[in-house]
Structures are given as C-alpha cells and as structure tokens.
Amino acid sequence: MAGLPVSIVFTNNVALDFLNHMQLSTGSHCVFNLKAHLIFVVAYRRKVISSTILERLKEIFSEVCQRDRVRLVECSGEEDHVHLLISYPPTTCLSNLVRKLKTISSLKIRQEFFNQIRRMLWGKRFWAKGYCVISVGDGATTAIIERYIKNQRPN
C-alpha cells in the first residue's frame, strides 16, 4: 500500500491542509488512509506476556496482517495486554481481522510457550473474549471534520 501524492483543494472556509500532507493509499476505486488502535487483554488479566512472548506476538501479528493486506504500524504492550496500531484498506472487516489475530496468536503462543504460561492460563484461551478498537486520525479532530461537512455548499 504505497502512498499516493494527492493535492486536495477546498473552496469553503474550513482549512483541511492536513489532507495534503497525509500518506494516502489507493485501491482500485478509492483513495484512503484508515488506521485503528486495537487492544487485546490476556484472559483473566494474567501477567504472562514476557518480552520474549511480546516479540513473538509482534511477528505473528505482522504475518496475519500481511496476509490480509493490512500494515502493522506499531505493536507493544505490558504483561497483561497488547496495543496494535494498524493501517488497513476499506475492504477489511475489522472484526474478522481481530478474530484472525487473536485466534492465530493464541494458538501459536500456547503451543510455543506452553511451559511458560500453563500455570497462569488453562484451557485453550490466551486472550479475553472482548477487544477494544479505536479509530485513529492523522491530525483532524472530529470537530474539524464536522465543521467541514456542515460548511459544504453547492456552487
């Protein structure tokens, strides 16, 4: 997903200069810049994510993202949860991507680090059932976008 230089000029009073500096990606019929912040919590908030497990999780998440044409921008976390920043195309269903990320990473971590985590986690679960997703912008606040849309007028 390479960035495409795009010049965007608006005729109303609302300044959206940040759009001209954004790294935009292209699809077959669209131009986009979609990012999300994902948070996964370990089952029962157990503190099992060591630095070794975190590094392996980054590798797994990156592999899963690449298969779905998603870019893992950043990944880090603490002993009981991880944060991911992803850049994704509009064809990606985030709930499906999250399901893949959690299922595949859970399976691999439980297989590869069984002796390290078995006393803290039992059964087939590594992650808690839920997740958090937060949309991420590149400089425009919701208020700026609202004002821009409200000021749209036909010429």
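Atoms CD1 and CZ, from Ile117 and Arg46 in turn, are 12.0 Å apart once rounded to the nearest 0.5 Å. Interatomic distance, CG of Leu107 versus CD of Glu112, reported as 9.0 Å (0.5 Å rounding). The distance from the CG atom of Leu34 to the OG1 atom of Thr91 is 9.5 Å, given to the nearest 0.5 Å. Considering SG of Cys65 and OH of Tyr88, their distance stands at 12.0 Å, rounded to 0.5 Å. Rounding to the nearest 0.5 angstrom, the gap separating the OG atom in Ser87 from the CG atom in Asn33 is 6.0 Å. Between Arg56 atom CZ and Ile53 atom CD1 the span is 11.5 Å, to the nearest 0.5 Å.
Contact check for Ile109 versus Phe114: no side-chain heavy atoms found under the 4.5 Å cut-off. The shortest side-chain heavy-atom distance between Ile49 and Leu57 falls under the 4.5 Å cut-off. Looking only at side-chain heavy atoms (C-beta outward), Leu121 and Val42 come within less than 4.5 Å of each other. Pro89 has its side chain within reach of Val70: a pair of non-hydrogen atoms, C-beta onward, lies under 4.5 Å apart.
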Atom pairs and distances, side-chain donor-acceptor, residues 94-101, under 3.5 Å, sequence neighbours left out:
residue: Lys100; atom: NZ; partner: Asp68; partner atom: OD1; Å: 3.3
residue: Lys100; atom: NZ; partner: Asp68; partner atom: OD2; Å: 2.9

Side chains of residues 75-84: which donor-acceptor pairs under 3.5 Å do they make with residues two or more places apart or in other chains?
residue: Asp80; atom: OD2; partner: Arg45; partner atom: NE; Å: 2.9
residue: Asp80; atom: OD2; partner: Arg45; partner atom: NH2; Å: 3.3
residue: His81; atom: NE2; partner: His83; partner atom: NE2; Å: 3.1
residue: His83; atom: ND1; partner: His37; partner atom: NE2; Å: 2.8

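The main-chain N or O of Thr103 is never found under 3.5 Å from a side-chain atom of Lys108 such that the two would form a donor-acceptor pair. In terms of modelled atom types and a separation under 3.5 Å, the side chain of Lys47 and the main chain of Met120 share no donor-acceptor contact.
In terms of the side chain to side chain contact (heavy atoms under 4.5 Å, CB included) criterion, residue partners of Gln66 (sequence neighbours excluded) are, by chain and number, Ser62.
Residue Ser105 forms a side chain to side chain contact (heavy atoms under 4.5 Å, CB included) with just one option from Phe126, Phe40, Trp127, and that option is Trp127.
Residues Tyr131 and Leu85 do not share a hydrophobic cluster, clusters being chains of Ile/Leu/Val/Met/Phe/Trp/Tyr side chains in contact below 4.5 Å. By the rule that hydrophobic residues join a cluster once side-chain heavy atoms approach within less than 4.5 Å of another member, Leu38 and Leu54 end up as members of one cluster. A continuous path of Ile, Leu, Val, Met, Phe, Trp and Tyr side chains, each step under 4.5 Å between heavy atoms, connects Ile104 with Phe113, placing both in one hydrophobic cluster.
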- prompt: Could you walk me through whether Lys129 and Arg125 pass the side-chain contact (heavy atoms from CB on, under 4.5 Å) check?
  reply: CA-CA 9 Å; Lys129 288 184 181 180; Arg125 180 177 296 165; 3.0 Å; yes
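Side chains of Ser106 and Arg110: a donor on one and an acceptor on the other come within 3.5 Å.
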